[in-house]
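First up is the structure itself, then whatever we jot down about it.
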Amino acid sequence: MLRRLHIERFALIDQLDLEVQPGFTVVTGETGAGKSIFLGALQLALGGRAEFATVGQPGFKCVVEAEFSVSDSRKTELGSEDWDWWGGTTSANLVLRREIHPGGRSRAFINDSPVRLDELKRISSALVDIHSQRDEGLWARSEGIVLLLENFAPQSALDARLQYGAAWNAYVAREQELRDLEAELGSVQDPEYLNFVVHELKTLNLKPGEEAQLRQRLSTLSHITELHETCVEVLESLDRDEQGLSALASQLRRAGERVARRTSAHEELVEQGLALEELLRDLRAQWYDLLEQLDADPTELAEAEERLAQLDRIQRKHQCADEAALLAHMDVLTRRQELWEQGQERRTMAQAELARAQEALVRAGEQWNEILLQGAPDLVTAVCQGLAELAMPQTQIAVRAQLRSAPGPQGSYTYRLEFSANPGQPMHELRKVASGGERSRLMLVLKRYLAQRQGLSTVLFDEIDTGVSGGTAAKMASVLRAMSRDAQVLAITHLPQVAAKGAQHWVVEKSSDGSSTRTQLRVLDEAERLQEVARLLSDGSLSSLALAQAQSLMATSE
């Protein structure tokens with residue numbers, strides 16, 4: 001139940017603090033006084049959209065806070081896995097707050113814990129139901145009619161809804177698994193071409209480092225004459241009997257040995273001579289190896305050029321910059337080929353599981369629809385009886401179910417209400433044929449049954465009495481007052497019959513000092529209530545007749 005409403009710097013409201021009582025509260029005021037501002041502020045606290053330029057006052061932060069008392073039994077339902085806004089307290093109060101900053105930033109809080117806006121909406125929707133003049137949700141949307149049907153259907157309807165939800169989740173999961181598998185298998189449009197490409201790459205038999213080796217060998221073969229002459233020249237220098245490098249190294253080593261025999265202080269000369277001989281032997285061996293390599297097959301140059309051209313062509317074909325990229329690409333295609341071959345069985349199994357999940361979903365949808373429609377006769381009877389109390393005794397109502405083209409999260413069927421206000425008039429979709437007054441009365445009846453059966457804690461009506469007057473208005477007022485026994489009811493109204501039934505009466509007033517305009521909301525005492533009801537009955541002048549009529553209306557309030 002709504003206990004308190006606090007508003008700061010919202011549109012024309014500077015500051016407002018309201019204690020809200022149980023039962024039936026009515027809100028009245030002159031046209032244009034700002035009743036819609038009050039409603040907009042409450043909707044903002046409940047998670048509604050707002051832009052600072054529309055609702056804020058320049059240079060000030062806009063704050064709207066709504067405090068609700070809830071039963072201890074609902075603490076689990078209204079809790080969250082992400083936020084602990086109960087804070088370990090035993091109090092079952094929830095304070096919903098919205099802040100809109102001048103820069104446009106919006107923040108939402110529950111019991112001073114920052115929350116996402118969708119979480120605020122989830123909690124507020126379980127606490128309060130608002131009917132505005134544009135709200136046709138219950139009878140204009142399929143899910144609204146499902147909600148109504150569930151309140152008249154057997155208790156197993158809730159189990160059927162849960163079973164359908166589980167079947168839908170299973171179907172979505174199987175569908176996602178199949179999509180994931182398809183993605184894993186890759187975007188293979190032509191498996192035969194994939195096999196051809198993999199075969200081509202494997203036949204290439206490319207080895208890591210082969211390209212670099214080929215380019216080095218090709219460079220060598222391209223300069224074979226010059227390299228051969230250099231090798232011969234070097235080897236002759238090493239192997240010459242006199243003044244050759246090898247002979248010189250031996251001569252230096254022997255000279256070192258003679259010195260070492262005379263004094264041990266210069267033994268390193270022997271070691272250095274030996275090292276020089278060893279170095280020249282290694283150098284000689286490497287030059288001989290190079291010389292042998294130069295004795296190549298005359299066709300080797302052409303073969304190397306052809307192999308490199310083949311590698312270049314394959315790299316360009318697969319848009320690979322180098323050998324490493326080509327090898328990596330081949331690994332990817334090879335794995336994709338293996339997955340494709342292995343995945344055919346997995347795909348078949350996944351498709352079969354999806355088909356079974358779809359069959360289970362269809363069965364669950366049919367079962368849920370069957371149970372829901374069991375409540376249709378009682379719903380129609382109750383609505384027709386309620387409308388008869390509101391001067392619509394000839395009304396006919398029917399519930400129509402239509403199979404969806406494909407099951408969805410809301411079920412396998414869509415539902416609509418069909419309506420006829422007069423005997424002999426054909427049944428049509430309600431929103432196409434019902435007048436404004438008829439829609440208002442129907443919505444009141446529907447909300448009345450929801451309040452009784454679902455335990456709605458707070459219901460706010462924004463001029464639900466639009467389009468009705470006279471005796472019908474009085475009957476509607478009685479329904480609202482009776483409804484307040486099951487739920488806290490707030491009604492923004494322009495009808496004196498409704499205003500007279502209120503247990504608490506607020507009036508919205510606009511004032512101006514010439515430079516600024518402000519809206520305020522006052523709680524009326526009994527004398528002020530009498531005057532406000534009389535104002536609604538008259539053209540604005542509080543005549544004795546209007547006051548007497550107002551007193552008579554208020555005296556008949558329960």
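Positions are given from 1, in the same order as the sequence printed here.
- Here the CD-OG distance, from Gln504 to Ser484, works out to 12.0 Å after rounding to the nearest 0.5 Å.
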Determine, stepwise, if the pair Leu547 / Gln549 fulfils side-chain contact (heavy atoms from CB on, under 4.5 Å). CA-CA 5 Å; Leu547 287 169; Gln549 289 177 325; over 6 Å; no

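- Rounding to the nearest 0.5 Å places OG of Ser124 at 6.5 Å from CG of Leu96.
- For residues 543-554, no residue pair satisfies the salt bridge (Lys or Arg N to Asp or Glu O under 4.0 Å) rule, not counting sequence neighbours.
- Note that CG of Leu387 and CZ of Phe419 are 7.0 Å apart. Values are rounded to the nearest 0.5 Å.
- Annotation: side chain of Leu117 is in contact with side chain of Leu120 (closest heavy-atom distance under 4.5 Å).
- When side chains are defined from C-beta on, Leu490 does not count as touching Val459, because their heavy atoms never get closer than 4.5 Å.
- With a 6.0 Å radius and a threshold of 12 heavy atoms from other residues, nucleotides or ligands, Gln551 has its CD atom at or below the threshold.
- To the nearest 0.5 Å, atom CG of residue Leu442 and atom CG of residue Leu444 are 9.5 Å apart.
- Looking at residues two or more places apart in sequence or on another chain, you find no salt bridge (Lys or Arg N to Asp or Glu O under 4.0 Å) involving Glu370.
- Atoms OG and CZ, on Ser156 and Arg161 in that order, are 13.0 Å from each other to the nearest 0.5 Å.
- The shortest heavy-atom contact between Val20 and Gln488 is CG1-NE2, 3.3 Å.
- Heavy-atom minimum distance, Ala534 versus Ala550: N-CB, 3.6 Å.
- Distance alone, capped at 3.5 Å, places no donor-acceptor pair between the Arg3 side chain and the Ser69 backbone.
- Between Lys510 and Glu30, no side-chain nitrogen of the basic residue sits less than 4.0 Å from a carboxylate oxygen of the acidic one, so the salt-bridge criterion is not met.
- Scanning both residues, Ala499 and Val26, for their nearest heavy atoms gives O-CG2, 3.7 Å.
- To the nearest 0.5 Å, the span separating NZ on Lys447 from CG on Leu480 amounts to 11.5 Å.
- Put simply, the side chain of His101 reaches to within 4.5 Å of the side chain of Arg107, judged on heavy atoms.
- For the side chain to side chain contact (heavy atoms under 4.5 Å, CB included) with Phe68, the lone residue among Leu2, Val95, Ile123 that qualifies is Leu2.
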Begin with the C-alpha distance, continue with both residues' side-chain angles, and end with the deciding distance and a verdict on side-chain contact (heavy atoms from CB on, under 4.5 Å) for Leu460 and Asp129. CA-CA 6 Å; Leu460 190 151; Asp129 181 89; over 6 Å; no

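- The pair Glu119-Lys121 does not meet the salt-bridge criterion, since no charged nitrogen lies less than 4.0 angstrom from a carboxylate oxygen.
- Seen from the ring of Phe60, Arg9 counts as a face-on cation partner, given the 6.0 Å and 45° thresholds.
- Residues Leu178 and Ala350 share a closest heavy-atom pair of CD1-CB, 3.8 Å.
- Among residues two or more places apart in sequence or in another chain, the salt bridge (Lys or Arg N to Asp or Glu O under 4.0 Å) test is passed with Arg4 by Glu65, Glu67.
- Residues meeting the ring pair (Phe, Tyr, Trp, His ring centres under 6.0 Å) test with His329, sequence neighbours left out: His318.
- Among residues two or more places apart in sequence or in another chain, the salt bridge (Lys or Arg N to Asp or Glu O under 4.0 Å) test is passed with Glu526 by Arg529.
- Counting only distance, with no hydrogens or angles, the side chain of Asn151 and the backbone of Leu147 share a donor-acceptor pair below 3.5 Å.
- The pair Arg179-Glu177 fails the salt-bridge criterion, with no side-chain N (NZ, NE, NH1 or NH2) lying under 4.0 Å from an Asp/Glu carboxylate O.
- In this structure, Arg404 contributes its side chain and Gly411 its backbone to a donor-acceptor pair below 3.5 Å.
- Residues Leu127 and Thr458 form no side-chain contact, since every pair of their non-hydrogen atoms from C-beta on lies 4.5 Å or further apart.
- Of the possible polar contacts, one joining the Ser478 side chain to the Ala474 backbone as a donor-acceptor pair under 3.5 Å is found.
- Inter-residue side-chain proximity for Glu8 and Cys62 is flagged as unmet; no heavy-atom pair is nearer than 4.5 Å.
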Would Glu532 and Thr28 satisfy side chain to side chain donor-acceptor pair (under 3.5 Å), going step by step from the backbone distance to the final call? CA-CA 8 Å; Glu532 178 64 9; Thr28 62; 2.8 Å; yes

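- Put simply, the side chain of Thr519 never gets that close to the backbone of Ile13: no donor and acceptor are under 3.5 Å apart.
- In terms of modelled atom types and a separation under 3.5 Å, the side chain of Asn369 and the main chain of Leu403 share no donor-acceptor contact.
- In this structure, Arg363 has no salt bridge (Lys or Arg N to Asp or Glu O under 4.0 Å) partners at least two apart in sequence or on a different chain.
- Looking at every heavy atom in both residues, Thr472 comes nearest to Ala391 through OG1-CB, 3.3 Å.
- Under the 30°/60° scheme for interplanar angles, the aromatic rings of Tyr415 and Tyr413 are found to be tilted.
- Looking at Ser552, its side chain never comes within 3.5 Å of a backbone N or O of Ala548 through a donor-acceptor pair.
- Using a 4.5 Å heavy-atom threshold, the side chains of Phe109 and Val115 count as separate.
- Looking only at side-chain heavy atoms (C-beta outward), Met1 and Pro22 come within less than 4.5 Å of each other.
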Does Ser142 form a side chain to side chain donor-acceptor pair (under 3.5 Å) with Arg416? I'd like the steps, not just the answer. CA-CA 6 Å; Ser142 176; Arg416 71 175 188 271; over 6 Å; no

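- A side-chain donor from one of Gln176 and Asp180 sits under 3.5 Å from a side-chain acceptor of the other.
- Between Arg98 and Val63 there is no side-chain heavy-atom pair separated by less than 4.5 Å.
- A donor-acceptor pair under 3.5 Å links the side-chain atoms of Asp525 to the main chain of Ala527, judged by distance alone.
- Among all heavy-atom pairs drawn from Gly375 and Leu149, the shortest one is C-CD2, 4.2 Å.
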